[in-house]
Amino acid sequence: MSRDVVRQVANRRELLTVGVAIAGLLPLSNSAFAAGRRSRPNKRMARTDKTPETAAALRDLWIGHIFWVRAVSLATIEKQGASAKTAERQAVANAPSIAATIEPFYGAAAKDVFFKLLAGHYGAAKAYLTATIAGTPAGKARQLSL
């Protein structure tokens with residue numbers, strides 16, 4: 001073998017050795033790297049046994065919200081008045097439950113503000129849907145500008 005080939009092999013081995021050493025050290029020093037990127041100390045709350053239950057409850061509430069708002073839209077588009085009213089009752093009944101989920105963390109005032117936000121969002125979406133079905137571009141534009 002020529003000296004150049006021997007040097008290339010030696011350099012590759014050194015590079016590989018250094019790479020493996022660094023890769024092995026990264027998991028140990030991950031918290032050090034992460035701490036350098038944060039502007040404040042990590043105050044992560046410990047997960048409890050109720051965390052998965054809370055996540056599942058929130059997921060179910062939001063899935064219900066999506067389901068019923070979609071049902072209102074489809075029934076309204078298809079001009080099925082009774083189905084639209086039933087779906088709308090369910091969608092409106094779901095909103096206070098969603099808003100109540102933040103009360104333990106942020107208080108009753110935040111829950112009320114969040115409920116108003118959800119109600120306003122639903123009202124705007126319903127008005128846009130109605131304007132779309134009626135074919136009134138001005139009504140749609142008014143809802144988009146809000």
Side-chain angles (χ1 to χ4, degrees), residues 7-146:
R7 277 191 214 139
Q8 286 177 354
V9 170
N11 287 341
R12 285 183 189 160
R13 284 185 187 157
E14 286 177 20
L15 183 61
L16 184 60
T17 303
V18 170
V20 168
I22 290 172
L25 291 175
L26 282 178
L28 297 175
S29 61
N30 188 24
S31 60
F33 288 124
R37 288 185 294 221
R38 285 194 201 108
S39 60
R40 59 184 172 197
N42 187 7
K43 293 185 179 180
R44 187 175 186 160
M45 299 177 77
R47 289 186 173 245
T48 65
D49 292 337
K50 293 196 175 218
T51 302
E53 294 171 17
T54 303
L58 285 168
R59 183 189 63 236
D60 290 346
L61 285 169
W62 282 107
I63 288 173
H65 175 72
I66 293 165
F67 176 83
W68 289 115
V69 170
R70 182 178 183 272
V72 169
S73 299
L74 291 175
T76 304
I77 290 168
E78 294 172 3
K79 300 188 183 342
Q80 298 175 348
S83 295
K85 286 181 184 178
T86 301
E88 188 164 7
R89 276 195 303 271
Q90 292 294 330
V92 170
N94 184 267
S97 300
I98 292 172
T101 61
I102 68 166
E103 186 174 12
F105 304 102
Y106 302 105
K111 175 191 83 166
D112 295 339
V113 170
F114 190 43
F115 175 73
K116 288 178 186 174
L117 179 69
L118 285 170
H121 174 264
Y122 178 76
K126 176 84 180 210
Y128 185 84
L129 174 67
T130 304
T132 300
I133 292 170
T136 56
K140 288 175 22 178
R142 183 173 48 247
Q143 292 307 315
L144 289 175
S145 67
L146 293 177

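Just so we're clear, the structure is a prediction, and the values are computed from it rather than from any experiment.
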Report summary line: To the nearest 0.5 Å, atom NE2 of H65 lies from atom OG of S97 at 12.0 Å
**Report entry** Nearest-0.5 Å distance that lies between atom CG in L117 and atom CG in D112
**Finding:** 12.5 Å
Query raised in the report: Could you walk me through whether F67 and N94 pass the side-chain contact (heavy atoms from CB on, under 4.5 Å) check?
Result: CA-CA 11 Å; F67 176 83; N94 184 267; over 6 Å; no
Query raised in the report: Measuring from I66:CD1 to L61:CG, what's the distance to the nearest 0.5 Å?
Result: 11.0 Å
**Report entry** Heavy-atom side-chain contact between I77 and T132 under 4.5 Å
**Finding:** no
Query raised in the report: Residues in side chain to side chain donor-acceptor pair (under 3.5 Å) with T54, at least two apart?
Result: none
Report task. Starting from the C-alpha separation in whole Å, work towards a yes-or-no answer on side-chain contact (heavy atoms from CB on, under 4.5 Å) for L118 and F114. Result -> CA-CA 6 Å; L118 285 170; F114 190 43; 4.1 Å; yes
Report task. Would you check if V92 and W68 make a side-chain contact, meaning some heavy-atom pair closer than 4.5 Å? Result -> no
Query raised in the report: Between the main-chain N or O of V69 and the side-chain N or O of S73, is there a donor-acceptor pair closer than 3.5 Å?
Result: yes
Query raised in the report: Could you state the interatomic distance from CG (L74) to CD (Q80), rounded to the nearest 0.5 Å?
Result: 9.0 Å
Report task. Identify the two heavy atoms, one from A110 and one from I102, that lie closest to each other, and give their separation to 0.1 Å. Result -> O-CD1, 3.5 Å
Query raised in the report: Donor-acceptor pair, T101 side chain versus I98 backbone, under 3.5 Å?
Result: yes
Query raised in the report: Please walk me through it: do K79 and I133 pass side-chain contact (heavy atoms from CB on, under 4.5 Å)?
Result: CA-CA 10 Å; K79 300 188 183 342; I133 292 170; 3.6 Å; yes
Report task. Return the minimal non-hydrogen interatomic distance between E103 and A108, and the atom names on each side. Result -> OE2-CB, 3.5 Å
